[in-house]
J.: 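Sharing a structure below in structure tokens format, with a few things to ask.
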Amino acid sequence: MSITTNRLLFTTSFFVMVMMLGCSTAENSEEISSRLLADRQAKEERFLDHERSPLTQAQKEAFDGLEFYPVDLDYRIRTTIHEYPAKDTIEMAMSAQGTQKYIRWGEFEFSVHDHTVNLRVYKPLQYSDEYHPYFFIPFRDQTNGAATFEGGRYLDIPIHESNRYVIDFNRAYNPYCAYNPNGWTCPLPPDENTLDFPLRAGEKAFTLAENAE
């Protein structure tokens, strides 16, 4: 397995683990919000302490936290996945060079803040053996390049037997290349997953990378 693939699997696997912890929370608004905030704090601590943090040593020394939109549970949606009867394999362009293969598995269609959303769902061809299989949802929206990372953001959703899922955009996160583009490469969201409105939830842009290299 290539270094690029290893980096990608580590990045997504960590957030699948966080998603699985978050999904175990009882359906209570206060508890859900508390879990989201706790997971955000845990992510910041992991960025400082983990040996495979995307931050350089200089970035860690200047690190004063990540930026997030306030938790908004209107961005937490229960919906059904529409699995495609015939699934094709696509190659997503990487931020540096090359491509990464994914299965185009199906799509979610739902409404959020008066906008109709249609998001394609992809299944990685390779997983880390440590973590549960997951659906990968890379997307762009009209906050990119301003409030959020210009390359788009990701959602990971653990796969289970039911076709009912929770999509929580409060858990939208940046790829590792958003923090350290020289050290990491990541898949770019396909054009078909571009939203035509600003999705103000989840992680915001990371600006420290420009000031501490």
Side-chain angles (χ1 to χ4, degrees), residues 7-20 22-23 36-37 39-44 46-47 53-55 59 65-77 79 90 92-96 100 102 104-105 107-110 112-113 115-124 134-158 165-181 183-210:
R7 287 172 171 174
L8 174 62
L9 290 176
F10 176 81
T11 304
T12 53
S13 296
F14 167 63
F15 293 103
V16 173
M17 177 180 67
V18 170
M19 281 292 297
M20 292 180 72
C23 289
L36 280 164
L37 295 174
D39 289 342
R40 289 176 177 183
Q41 182 177 350
K43 178 177 180 177
E44 292 181 337
R46 192 176 182 89
F47 271 31
S53 166
L55 303 183
Q59 287 174 320
L66 301 172
E67 295 287 335
F68 298 91
Y69 284 101
V71 172
D72 181 350
L73 295 186
D74 286 342
Y75 281 107
R76 178 183 168 90
I77 301 105
T79 187
I90 70 166
M92 291 188 197
M94 302 296 286
S95 57
Q100 192 84 36
Y102 291 84
R104 187 188 278 114
W105 190 265
E107 63 185 61
F108 288 115
E109 185 174 354
F110 53 89
V112 59
H113 281 269
H115 296 281
T116 298
V117 177
N118 187 291
L119 281 178
R120 280 69 175 181
V121 178
Y122 309 94
K123 188 175 181 181
Y134 62 93
F135 288 129
F136 178 52
I137 307 176
F139 69 94
R140 291 188 176 96
D141 69 271
Q142 290 188 354
T143 67
N144 298 157
T148 64
F149 177 53
E150 62 186 4
R153 292 178 291 167
Y154 299 163
L155 281 173
D156 299 327
I157 301 180
Y165 284 87
V166 173
I167 299 178
D168 192 346
F169 287 103
N170 294 286
R171 294 187 176 277
Y173 69 93
N174 291 332
Y176 272 16
C177 59
Y179 313 106
N180 183 0
W184 297 83
T185 184
C186 51
L188 301 175
D191 290 342
E192 63 186 10
N193 264 12
T194 300
L195 306 181
D196 62 359
F197 63 94
L199 198 151
R200 299 184 177 94
E203 189 172 357
K204 293 185 175 183
F206 182 71
T207 58
L208 180 61
E210 298 179 0

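Residues take their numbers from the sequence shown, with the count starting at 1. Computed from a predicted structure; not experimentally measured.
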J.: According to side chain to side chain contact (heavy atoms under 4.5 Å, CB included), who are the partners of Glu192, at least two apart in sequence or on a separate chain?
T.: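 By the side chain to side chain contact (heavy atoms under 4.5 Å, CB included) rule, Glu192 matches Arg104, Arg120, Tyr122, Pro190.
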J.: About how many Å separate OG1 of Thr194 and CZ of Phe139, when rounded to the nearest 0.5 Å?
T.: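 Reported value, rounded in 0.5 Å steps: 10.5 Å.
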J.: Please list, chain by chain and in numerical order, all residues satisfying side-chain hydrogen bond (donor to acceptor under 3.5 Å, both in side chains) with Thr79, sequence neighbours excluded.
T.: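 So Thr79 forms no side-chain hydrogen bond (donor to acceptor under 3.5 Å, both in side chains) with any residue.
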J.: The criterion is side-chain hydrogen bond (donor to acceptor under 3.5 Å, both in side chains); which residues satisfy it with Asn193, sequence neighbours excluded?
T.: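 For Asn193, no residue satisfies side-chain hydrogen bond (donor to acceptor under 3.5 Å, both in side chains) once neighbours in sequence are set aside.
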J.: Does the side chain of Leu37 reach to within under 4.5 Å of the side chain of Phe68, using non-hydrogen atoms?
T.: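 The answer is no; the side chains never approach within 4.5 Å.
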J.: Looking at Asp74, I'd like to know if its CG atom is crowded, meaning that more than 12 non-hydrogen atoms belonging to other residues, nucleotides or ligands lie closer than 6.0 Å.
T.: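 Yes - once you tally the heavy atoms of other residues, nucleotides and ligands closer than 6.0 Å, there are more than 12.
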J.: Could you pull out all residues at least two apart from Phe149 that satisfy ring pair (Phe, Tyr, Trp, His ring centres under 6.0 Å)?
T.: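 In terms of ring pair (Phe, Tyr, Trp, His ring centres under 6.0 Å), with neighbours along the sequence ignored, Phe149 is linked to no residue.
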J.: Locate the shortest heavy-atom distance separating Asn144 from Gly152; write the atom from each residue and the value.
T.: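 Shortest heavy-atom contact: OD1-CA, 3.8 Å.
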J.: Once rounded to the nearest 0.5 Å, what's the spacing between atom NZ of Lys204 and atom CG of Asn174?
T.: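 The NZ atom of Lys204 sits 12.0 Å away from the CG atom of Asn174.
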J.: Closest heavy-atom contact between Tyr102 and Pro124?
T.: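 Nearest heavy atoms, Tyr102 then Pro124: CD2-CA, 3.6 Å.
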J.: Holding to side-chain hydrogen bond (donor to acceptor under 3.5 Å, both in side chains), I want the full list of residues that pass it with His113, two or more places apart in sequence or in another chain.
T.: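 Testing His113 for side-chain hydrogen bond (donor to acceptor under 3.5 Å, both in side chains), a comparison that skips the adjacent residues, returns Asp72.
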J.: Could you tell me whether the side chain of Leu66 reaches within less than 4.5 Å of the side chain of Glu203, counting heavy atoms only?
T.: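 Glu203 reaches Leu66 side chain to side chain.
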J.: Are any non-hydrogen side-chain atoms of Leu73 and Leu36 less than 4.5 angstrom apart?
T.: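 They are in side-chain contact.
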J.: Side chains of Phe206 and Leu55: does their closest heavy-atom pair fall under 4.5 Å?
T.: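 Yes. Closest side-chain heavy atoms under 4.5 Å.
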J.: Quick one: pull up OH in Tyr69 and OH in Tyr75 and give me the separation to the nearest 0.5 Å.
T.: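 Between atom OH of Tyr69 and atom OH of Tyr75 there are 8.0 Å.
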J.: Go through the structure and list residues passing side-chain hydrogen bond (donor to acceptor under 3.5 Å, both in side chains) with Asn170, not counting sequence neighbours.
T.: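 Once residues adjacent in sequence are excluded, the partners of Asn170 under the side-chain hydrogen bond (donor to acceptor under 3.5 Å, both in side chains) criterion are Asp168.
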J.: On a heavy-atom basis, which atom in Pro189 and which in Arg153 lie closest, and how many Å separate them?
T.: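 Looks like CG-O, 4.3 Å.
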J.: If you define the side chain from C-beta out and look only at heavy atoms, does anything of Gln100 sit under 4.5 Å from Phe136?
T.: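 No; the side chains remain at least 4.5 Å from each other.
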J.: How close do Glu67 and Ala205 get, counting heavy atoms only, and between which atoms?
T.: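 So the two residues come closest at CB-O, 4.3 Å.
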J.: With side chains defined as the heavy atoms from C-beta onward, is the minimum distance between Phe108 and Ile137 less than 4.5 Å?
T.: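 With C-beta onward as the side chain, the pair touches.
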J.: Under 4.5 Å between any side-chain heavy atoms of Leu195 and His115, yes or no?
T.: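 Counting from C-beta outward, Leu195 and His115 never come under 4.5 Å.
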J.: Rounded to the nearest 0.5 Å, what's the gap from CD on Glu44 to OG on Ser53? Could you check?
T.: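 The distance works out to 11.5 Å.
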J.: Which residues pass the side chain to side chain contact (heavy atoms under 4.5 Å, CB included) test with Ser95, sequence neighbours left out?
T.: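 In terms of side chain to side chain contact (heavy atoms under 4.5 Å, CB included), with neighbours along the sequence ignored, Ser95 is linked to Cys177, Thr185, Cys186, Leu188.
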J.: For Pro54, what residues pass the side chain to side chain contact (heavy atoms under 4.5 Å, CB included) criterion, not counting sequence neighbours?
T.: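 Scan of Pro54 (side chain to side chain contact (heavy atoms under 4.5 Å, CB included), adjacent residues dropped) gives Phe47, Tyr176, Tyr179, Trp184.
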J.: Between CD1 of Ile167 and CZ of Arg76, what distance do you get to the nearest 0.5 Å?
T.: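 The distance works out to 11.5 Å.
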J.: Nearest 0.5 Å, please: how far is NZ in Lys123 from CZ in Phe135?
T.: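 Rounded to the nearest 0.5 Å, the CZ-NZ separation comes out at 6.5 Å.
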